[in-house]
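Heavy-atom basis, side chains included; hydrogens, waters and symmetry copies ignored.
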Amino acid sequence: MHEVGYTAVGKVGKSPHTTTTKRNPMSRLMLLIIVLALVIAGLFFLSTRAKEVPTHTIETDVSQGH
């Protein structure tokens, strides 16, 4: 019996061979560093956007209406 093709009968007790692409741990580390750098850059950008404006006291004359 031939063991080639999609109709081939597999061996009993064996799971069919599937090709899985394992990611390199270094690529996950690089992705983590990139995401972390983007978050830090975003926080820095947001921190430079809004500045506190000091309050000014507006004094007006209040007439005595007696």
Is any side-chain heavy atom of M26 less than 4.5 Å from a side-chain heavy atom of L29?
yes
Other hydrophobic cluster members with L36, side-chain heavy atoms of Ile/Leu/Val/Met/Phe/Trp/Tyr under 4.5 Å, chained?
I40
Residues clustering with L38 (ILVMFWY side chains joined when closer than 4.5 Å, directly or via others)
I34
Under the 4.5 Å side-chain heavy-atom rule for ILVMFWY, direct or indirect, which residues accompany F44?
none
